[in-house]
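Step one of this worksheet: look at the structure below.
This is a predicted model, so every value here is computed, not measured. Heavy-atom basis, side chains included; hydrogens, waters and symmetry copies ignored. First the proteins, then the strands, lettered A, B, ... as listed; each starts at 1.
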Amino acid sequence: MSDPIIKIQNMNKWFGDFQVLKNINLEVETNKKIVVCGPSGSGKSTLIRCINRLEEHQEGDIIVDGNELSEKTKDIEKIRAEVGMVFQQFNLFPHLSILDNCTLAPIWVKKMPKKEAQELALDQLKKVQIDDQANKFPGQLSGGQQQRCAIARALCMQPKIMLFDEPTSALDPEMIKEVLDAMVSLAKGGMTMIVVTHEMGFAKEVADEVIFMDEGMIIEKAETKEFFANPKSDRTKLFLSQIL
Amino acid sequence: MIQTINFLKPNRDNIKNYSIIGTFLVLVSLIDVISNAFLKINLTSFLPGSLTTLFPLIIGLIGLNMMRIDYSGNKKLDLLNKNINTNNFNALLTLLILFSIIKALPQSLSWMIFDATISGDSKDACTGTGACWTYIKVWFRRFMYGMYPNEFHWRINTAFILVIALGFVGYFMKENLKKYLALYYVIIYPVIAYLVIYYLISGGSFGLQWVETGAWGGLSLTFIVSFFCLIFCFPLGMIFALGRRSNLPAIKYISICYIEFWRGVPLITVLFMSSVMFPMFLPEDFFMDKLVRVIIAITLFEAAYCAEVIRGGLQSLPRGQYDAAKSLGMGYWKMHIFVILPQALKLVIPGIANTFLALVKDTPLIFVVGLAELAGMLALAKTNPKWLGFAMEGYIFASIIFWIICYAMSKYSYNLEAKYKTER
């Protein structure tokens with residue numbers, strides 16, 4: 001067993017008076033794929049936003065790749081550069097072309113030479129099959145293409161961990177598949193992934209573990225087969241019966 | 001049955017008849033008004049009293065009503081109906097506007113052109129009833145260059161041509177120098193422009209005679225003041241806009257205080273303070289030219305407005321853009337320079353253009369501290385005993401000049417908007 005790359009211990013988080021995350025404990029080992037599911041408002045998104053400190057937690061420890069995240073963390077940018085993130089709303093930069101979206105951070109954050117960054121970007125775009133769109137602007141692409149570009153953009157930073165925040169929730173049903181395909185091939189390539197999603201088919205296909213959250217707590221955490229075959233808590237059973 | 005009674009209600013079956021009769025009636029009403037205005041002939045004098053005045057309006061309304069046919073198939077007719085003849089009220093407004101333009105045209109044309117004088121070089125040449133453009137002609141150099149000595153006007157012209165030429169350098173920069181573009185326009189360009197204007201227009205060295213700023217004036221002073229205020233107030237405003245959104249309390253509250261202070265005081269008091277109060281606080285041997293003080297005052301004042309406009313742009317960006325930039329490992333400055341500001345500034349082009357236009361039109365206020373730019377020179381000229389009574393011509397001239405400047409600026413801002421439009 002290798003050392004966990006993400007370690008969360010007794011983490012609590014409040015928005016004002018409202019406690020969104022309650023006593024979260026989670027360990028993710030390198031190359032493991034974790035799927036987080038649960039009803040909306042259960043704190044799934046907040047949890048993974050905490051992992052690259054887009055949200056701050058108030059209690060407990062989060063350790064990412066040996067670095068503890070806290071107010072004292074000096075170079076949070078360095079840690080974020082190691083953790084790629086894909087958002088529900090794509091969040092591409094609309095004023096830059098697809099290629100520039102992908103090369104911006106490698107050039108200015110990782111100080112990569114421009115040529116090298118462009119080659120890397122085209123390579124990543126090819127993997128998600130939109131290299132022919134490289135010179136278009138995000139507004140000219142379909143939702144599915146935009147989301148695949150967002151995945152490529154995150155991968156261009158060559159992160160150790162990828163976080164997905166409901167990557168298919170804002171897409172047309174027809175486009176969900178193309179994005180999931182890209183994620184499946186990424187998973188098969190051995191990336192460490194934490195995916196918040198409602199796509200149970202995807203969870204069954206690639207996930208090593210499934211976490212079920214409700215009301216800010218981790219209700220159930222089990223291996224994928226175990227999770228779907230015989231869920232332990234009643235809340236999980238109810239959720240699964242409604243979603244499947 | 002109904003159609004025969006309601007003969008004013010046009011339909012598609014006999015478009016031709018209706019549109020021809022309608023056009024004829026509208027033409028009759030227009031001819032009546034035109035002959036009345038230009039030739040002073042009342043074609044309808046046979047009608048009793050008030051009906052004479054209302055006749056063109058009634059005829060025109062009936063005509064427009066008959067022309068109002070939906071989807072007539074005639075493109076010109078459709079265009080007309082869609083834009084100025086959608087219902088009876090709009091038809092009435094259309095006719096009233098047309099009639100007032102026609103009525104006002106002969107008088108203004110004859111005042112401005114036909115009865116106007118432009119020959120001669122003293123007030124005695126203006127004997128007609130029209131405008132006296134001689135006044136503008138005689139005073140033209142003063143309006144352009146103020147009290148600047150006539151033989152040195154070439155210095156102002158050369159300085160302006162140089163400054164404009166330097167402004168275009170950015171277009172010809174090589175690709176690998178493009179990253180210094182912002183640096184050039186924010187720091188290097190203003191310094192060079194300042195030096196050019198200082199050495200050429202002020203003189204005092206290189207064998208050029210010294211001309212003090214009190215003698216500067218007219219349109220050239222308008223340009224100098226607006227130019228420096230525009231290029232300095234924009235970066236300053238950007239800094240305060242970012243400052244106001246900062247997480248650091250000291251920076252945040254300094255920015256808020258700055259913005260609220262300058263937005264709260266009228267420009268005219270700021271100008272007075274800069275020229276009267278400010279020198280009192282300075283050490284005896286420290287001298288700062290009045291023009292420089294005024295430019296600094298206007299810059300600080302307009303920067304507060306710019307800051308609020310830019311802040312509006314920053315706030316309109318979705319939070320996802322910040323999240324995405326942060327998740328790629330960008331720090332505060334990289335995130336703002338590459339992701340946030342390019343988008344925000346693009347959004348605020350109309351607002352910034354608005355602020356800049358207001359700035360240019362505020363420059364006449366510097367007259368209160370004794371600097372006479374275009375409007376100020378007018379105020380001086382109209383009180384000249386030899387040329388009393390021509391304020392109207394002067395103000396029309398000034399408004400035309402200001403309008404041209406401001407229209408050019410707003411056109412340029414539309415171009416910028418179109419150039420940086422990348423969404424869809």
Exercise for the section: Tell me, yes or no, whether the heavy-atom count around B/F168 atom CZ, taken from other residues, nucleotides or ligands under 6.0 Å, exceeds 12. Expected result: no
Completion exercise
For residues 222-251 of chain B against chain A, heavy atoms under 4.5 Å, the residues are none
Exercise for the section: Can you establish whether the number of heavy atoms outside B/Y198 located under 6.0 Å from its atom OH is more than 12? Expected result: no
Problem - Interface residue of largest heavy-atom contact number with chain B, from A/I76, A/V109, A/L141, under 4.5 Å - result: A/V109
Problem - Other residues, nucleotides, ligands: >12 heavy atoms within 6.0 Å of A/Q58 CD - result: yes
Problem - Heavy atoms of other groups near A/K110 NZ, more than 12 under 6.0 Å - result: yes
Problem - OH (B/Y414) with more than 12 external heavy atoms under 6.0 Å - result: no
Problem - Polar side-chain atom of A/N91 near backbone of B/G320 as donor-acceptor pair, under 3.5 Å - result: yes
Exercise for the section: State the CZ-CD distance between A/F93 and B/Q321, to the nearest 0.5 angstrom. Expected result: 6.0 Å
Handout entry: Min side-chain heavy-atom separation B/P318-A/Q89 under 4.5 Å
Key = no
Handout entry: A/F87 vs B/S327 side-chain heavy atoms within contact, under 4.5 Å
Key = yes
Practice task
Answer yes or no: is there a side-chain heavy-atom contact under 4.5 Å between A/H95 and B/Y420?
Solution key: no
Practice task
Going by the side chain to side chain contact (heavy atoms under 4.5 Å, CB included) test, name the single residue among A/M85, A/R80, A/R153 that passes it with B/L328.
Solution key: A/R153
Handout entry: Contact leader toward chain B among A/Q88, A/R49, A/K136, where contacts are heavy-atom pairs under 4.5 Å
Key = A/R49
Exercise for the section: Let me know if B/K326 has heavy atoms under 4.5 Å from chain A in its side chain, its backbone, both or neither. Expected result: both
Practice task
Taking the side chain as every heavy atom from C-beta outward, state whether B/V339 and A/L104 have any pair of such atoms under 4.5 Å apart.
Solution key: yes
Exercise for the section: Among the options A/V86, A/N52, A/L54, pick out the one with the most heavy-atom pairs lying under 4.5 Å from chain B. Expected result: A/L54
